[in-house]
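Below you'll find the structure, written out as structure tokens, and then a few comments.
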Amino acid sequence: MKMPEKAAVPQPEELDREFYRATVAAGALCMQHCNQCGTWTHPARYYCPHCSSDEFSFDRVSGDARVYSYTVSHATAESAWKDLVPYITIVAELAEGPRIVAAADGFKPDAVAIGQRLRIVTENKSEDFAFFWAQLADGSSP
Amino acid sequence: MSAFNVSGKAAIVGIAETDYLRGTEQSILQMILSASMGAIRDAGLKPSDVDAILPPPGFVAWDEIAAHLGVPNVRYTVCPQMGGASATASLRTASMAIATGAADVVLMTVGWNGYSAIRPRPDARPNKRRFNAAFFETVKNYYAPYGLRSAPWWYSLYLERYAKHYSVPPEAAGAIAVACRKHAQLNPKALMRDRPLTMEEYLASPYITEPLRKLDCCVETDCAAAVVMTSVERARDLPHIPVTFLGGAEGHPNRPDELINRKDVLDLGLDLAAPRAFAMSGVTKDDMDFLQIYDCFTYVALLEIEALGYAERGGAAEFVKNGNIELGGKFPMNTHGGLMSQGHCWGMNHIVEAARQLRHEAGAAQVRNCELGLVTGYGDLGDGSIAILGRGVR
């Protein structure tokens, strides 16, 4: 699967750009990681929501996740996705805690369910942006 | 330090709204000025009596409103930045300004070309007026790349969890849509007047993005509305029976600029605001004669009903059954048709309707002998607000 060709690639700024740049460079999902208390935060913040530290790095996460929520879109206001309906978008809860939005890769519309185990993989689109795919983890029933 | 009590100090004395249209020759500024002048005149006042302006959270600024209306001496202005929660939140802000003497007569207004200018339409007139919010960065960087372009798609990210986790039947959302449409039949200004809706038709409505069907979404309209508040002392000398502010609050989910990383994504700002507002007001949820609930989407209204305490989380389906939220039921809701069927005026139309009800001027939709009612707001990814209003000076 590929991010739709015509879809606009965002040009993030500030910490969002740092987050994406780390992820693009690693070729895998990275998350803001507090150097003081170890809290993982997404989207990234200038102060840790747990301990208020401003010292952090963007570290690679496991990529293990579960379906926290999702939506099946039967219509869209986004022209790049018009030919792709119905498409599934997943809110994936990472093993490390934060949740991200990801496109479902290889799901059937009626076979997605809260709690399913996922793998998150990234698709680099620019130096400043990677697209996220949610795939069913091995052993998770489709 | 004990809280300064704002309850019972200020009242809504003037209300006005434009028609709810799909396509208009009027600019946003013209509609806002028309509603504002209407509310000032309805209050029996002149623009020169106004000394505070709370403008909408976008499109039009307080200074151009003052300049066009001819308000010579603005002593106080503040802009609540919380989308659809702004209008109801401003009732408390205005009451605080009046109770402390910072202002005497406060004008609040909202309006937009919600139909003509939000999405490109062939017949749309050029429009430079913009609404901007901090969460647009979140949308741009994390939601829009996935085909989630506007409110139904963002909110479905958490509403589907609500629907699935609590097995919310579609008929519960349908009950909101049907009640609003039923009430719109009684409102000469409702966009969906003369278009009644049955539960069967609701259930046959196609999905936009699950759990939201087309008929779970409010109607895009061009419109504006305004209200004027002053002290209860001054209100006694004005033409209409005052509609007194008894309690109100705003609340914001943590974190407010993002939707999916909250501890519980179903927590609304209203969960925090509602208990504060009832405590301030000295009345309870069971005393309410009507509910004007911010209904951008039916499922959001269900969550608000739960946040207000009328049902446990996930349990609003029981509350909305059997006509309980329709005129003639125990808690008639959105007696003007709401955002769902009157039109989307950022909830200022809910405030106008609440005031009309408490003046006993609601015509065919009048809740007989009503004395107390509430209004809620919801916006910008979950900000919440509430105001509890009463008939007359209490």
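Reminder, nothing fancy here: chain letters follow the sequence lines and each chain counts from 1. The basis for the numbers below is simple: all heavy atoms, side chains too, and nothing from hydrogens, waters or symmetry mates.
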Heavy-atom contact with chain A under 4.5 Å, split by part of [X]:
| X | result |
| --- | --- |
| D257(B) | side chain |
| A144(B) | both |
| R262(B) | backbone |

Is there a side-chain contact between [X] and [Y] in this structure, where contact means two heavy atoms from C-beta onward sitting under 4.5 Å apart?
| X | Y | answer |
| --- | --- | --- |
| P98(A) | N261(B) | yes |
| H74(A) | T209(B) | no |
| T89(A) | Y146(B) | yes |
| W81(A) | R149(B) | no |

Between the main-chain N or O of T71(A) and the side-chain N or O of S156(B), is there a donor-acceptor pair closer than 3.5 Å? no
Strictly distance-based, threshold 3.5 Å: is any side-chain N or O of Y87(A) a donor or acceptor partner for the main-chain N or O of G147(B)?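 Flag set: sc Y87(A) to bb G147(B) pair under 3.5 Å.
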If we define contacts as heavy-atom pairs under 4.5 Å, which of [options] has the most with chain B?
| options | answer |
| --- | --- |
| A7(A), P49(A), P12(A) | P12(A) |
| A8(A), S79(A), P10(A) | P10(A) |
| V67(A), L84(A), V91(A) | V91(A) |
| E14(A), E78(A), E13(A), K125(A) | E78(A) |

Which value, rounded to the nearest 0.5 Å, describes the distance between [X] atom [atom1] and [Y] atom [atom2]?
| X | Y | atom1 | atom2 | answer |
| --- | --- | --- | --- | --- |
| S69(A) | H165(B) | OG | NE2 | 11.0 Å |
| F129(A) | N141(B) | CZ | CG | 8.0 Å |
| I88(A) | E210(B) | CD1 | CD | 9.0 Å |
| T76(A) | I208(B) | OG1 | CD1 | 10.0 Å |
| I114(A) | E160(B) | CD1 | CD | 7.0 Å |

So what's closer than 4.5 Å to chain B heavy atoms on [X]: side chain, backbone, both or neither?
| X | value |
| --- | --- |
| I100(A) | backbone |
| Y68(A) | both |
| A80(A) | neither |
| P4(A) | neither |
| E93(A) | neither |
| R45(A) | side chain |

For the aromatic rings, using the six-membered ring if either is Trp, is the centroid distance between Y20(A) and Y142(B) under 6.0 Å? yes
Around [X], counting heavy atoms of other residues, nucleotides and ligands shown, do more than 12 lie under 6.0 Å from its [atom1]?
| X | atom1 | answer |
| --- | --- | --- |
| Q11(A) | CD | no |
| E171(B) | CD | yes |
| K82(A) | NZ | yes |
| F136(B) | CZ | yes |

If you count heavy-atom pairs under 4.5 Å between each of N254(B), L212(B), L148(B) and chain A, which one has the most?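 Max contact count across the listed options: L148(B).
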Sort out for me which of P206(B), P152(B), P145(B) touches chain A most, counting heavy-atom pairs under 4.5 Å.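 The candidate making the most pairs under 4.5 Å is P145(B).
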Exercise: do E258(B) and H42(A) side chains pair donor with acceptor under 3.5 Å: no
